[in-house]
Amino acid sequence: MAARKIIIDCDPGQDDAVALFLAMSSPDELDILGLTTVAGNVPLALTERNARMMCDIVGRTDMPVFSGCDKPLRCEPITAEYIHGETGIDGVDAFEPETPLREQHAVDFIIDTLLAAGESAVTLVPTGPMTNIAAALQKAPEVLPHIDQIVLMGGAMREGGNRTPSAEFNILVDPHAADTVFRCGRPIVAMGLDVTHKVLSTRERVKSIAALGNPVAEATAGMLSFFDRYDTEKYGSEGAPLHDPCTIAYLLMPELFKLKHCNVAVETESALTMGHTAVDFWHVTDRPHNAHWAWDIDAAGFYELLTDRLARYQASNTQGNRGIR
């Protein structure tokens with residue numbers, strides 16, 4: 001079977017970085033057409049640099065990386081340095097990457113790539129605010145038939161919000177973009193906090209990753225060791241939730257997840273609940289089903305997959321220990 005063609009739209013972020021490592025470890029299953037970056041966890045200048053750093057660390061300096069929207073469609077920017085650190089990927093030392101930043105704007109790359117593909121040919125994987133994706137859909141709605149599905153990280157139902165009582169961070173940052181995406185009519189798989197809070201990067205799991213001994217695994221362990229500090233204190237948990245890699249894990253092993261087809265609507269008006277995802281899990285309304293909502297995961301299987309794929313990296317095809325503490 002041919003590898004699935006994907007575009008990863010991200011705002012690295014330690015968990016985005018691990019998602020990139022997981023995706024780039026799996027070329028037989030995933031054909032990454034490009035990485036597009038957006039303002040989110042940190043400002044755009046850092047997210048595009050961080051994405052290129054991850055490409056350097058895995059030895060993929062040929063990966064096309066594009067810079068996109070530097071602010072939400074309508075709202076003021078919100079960032080999360082208090083979680084991710086000033087660089088967005090604290091836990092590894094920042095450096096100026098060799099992977100070049102392409103000149104084309106990310107939104108135009110998404111549009112051109114989709115239009116050049118056949119119908120239902122490309123899967124979009126947004127792991128940050130969905131500004132780039134929504135901007136592409138608004139600018140060129142004719143791309144819609146070319147999207148196979150959208151596998152996204154965002155939203156919350158039973159878990160409540162992680163930035164406000166109601167809203168998960170990615171949706172809160174650009175609720176209008178999320179609303180556009182959820183109403184676009186293409187198949188959607190949504191990885192919200194209900195699932196991601198079940199894949200905790202415990203000390204034992206991080207130690208197992210570090211023990212692999214290759215530079216990518218060491219970078220992953222370093223970032224997760226930093227990333228853990230905020231959420232373990234906030235939730236009293238044994239490790240931080242590993243949000244964004246759930247999207248890639250789903251593409252590689254969908255059997256790890258339990259999903260329910262239902263309606264997901266995004267609040268864009270209320271000051272109190274802005275960015276809330278109203279998940280009609282029990283079908284109590286007649287709103288059309290527009291997303292497959294992930295509600296459970298085999299966490300042990302997820303970390304088995306992640307550790308197995310990170311073990312594929314060897315020092316011979318990476319940039320040595322550059323950027324790794």
Side-chain angles (χ1 to χ4, degrees), residues 8-26 35-42 46-51 53-55 57-58 78-92 94 125-130 151-156 159 161-163 168-173 190-202 205-206 209-210 216-232 234-235 237-252 256-257 294 297 299 302-303 305-307 309-310:
I8 302 175
D9 186 68
C10 56
D11 64 335
Q14 290 90 348
D15 51 335
D16 303 77
V18 177
L20 295 179
F21 289 163
L22 182 57
M24 287 189 282
S25 75
S26 308
L35 309 180
T36 55
T37 61
V38 67
N41 287 320
V42 287
L46 293 179
T47 63
E48 58 90 349
R49 184 206 63 185
N50 293 347
M53 281 179 54
M54 299 310 116
C55 294
I57 289 172
V58 303
I78 299 172
T79 54
E81 288 89 348
Y82 66 98
I83 296 175
H84 298 277
E86 290 301 315
T87 68
I89 42 104
D90 281 20
V92 296
V125 188
T127 60
M130 287 179 269
V151 180
L152 63 90
M153 191 278 133
E159 284 293 295
N162 61 354
R163 182 63 183 253
E168 180 274 328
F169 177 81
N170 285 345
I171 308 296
L172 177 68
V173 171
M191 298 288 156
L193 301 183
D194 296 358
V195 157
T196 67
H197 278 187
K198 295 180 179 180
V199 285
L200 300 179
S201 52
T202 63
R205 287 166 174 167
V206 175
I209 290 170
V216 180
E218 291 171 11
T220 299
M223 288 188 289
L224 293 184
S225 295
F226 178 89
F227 188 51
D228 277 358
R229 84 201 195 296
Y230 176 83
D231 282 329
T232 52
K234 176 181 177 180
Y235 295 110
S237 59
E238 296 181 359
L242 201 47
H243 307 286
D244 297 334
C246 287
T247 59
I248 303 300
Y250 172 78
L251 294 174
L252 296 174
L256 293 175
F257 297 84
I297 184 173
F302 170 90
Y303 275 96
L305 171 67
L306 178 61
T307 305
R309 296 304 168 99
L310 292 177

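This is a predicted model, so every value here is computed, not measured.
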List the residues meeting side chain to side chain contact (heavy atoms under 4.5 Å, CB included) with [X], not counting sequence neighbours, and say none if there are none.
X    : value
A210 : A221
A23  : I8, L30, I32, I248
S25  : L22, R309, Y313
T79  : P43, E81

Any salt bridge (Lys or Arg N to Asp or Glu O under 4.0 Å) involving residues 14-26? Give me the pairs, sequence neighbours left out, ordered by first then second residue. none
Checking [X] now: which residues fulfil side chain to side chain donor-acceptor pair (under 3.5 Å) with it, not counting sequence neighbours?
X    : answer
T37  : none
T220 : none
D11  : N41
T196 : H243

Salt bridge (charged side-chain N to carboxylate O under 4.0 Å, His left out) partners of E48, counting only residues at least two apart: R52
Looking at N162, is its backbone amide N or carbonyl O close enough to the side chain of E168 to form a donor-acceptor pair, meaning the two atoms are under 3.5 Å apart? no
Treating D9 as the side-chain partner and M130 as the backbone partner, does any N or O pair qualify as donor plus acceptor under 3.5 Å? no
With sequence neighbours excluded, tell me which residues meet ring pair (Phe, Tyr, Trp, His ring centres under 6.0 Å) with F257. Y250
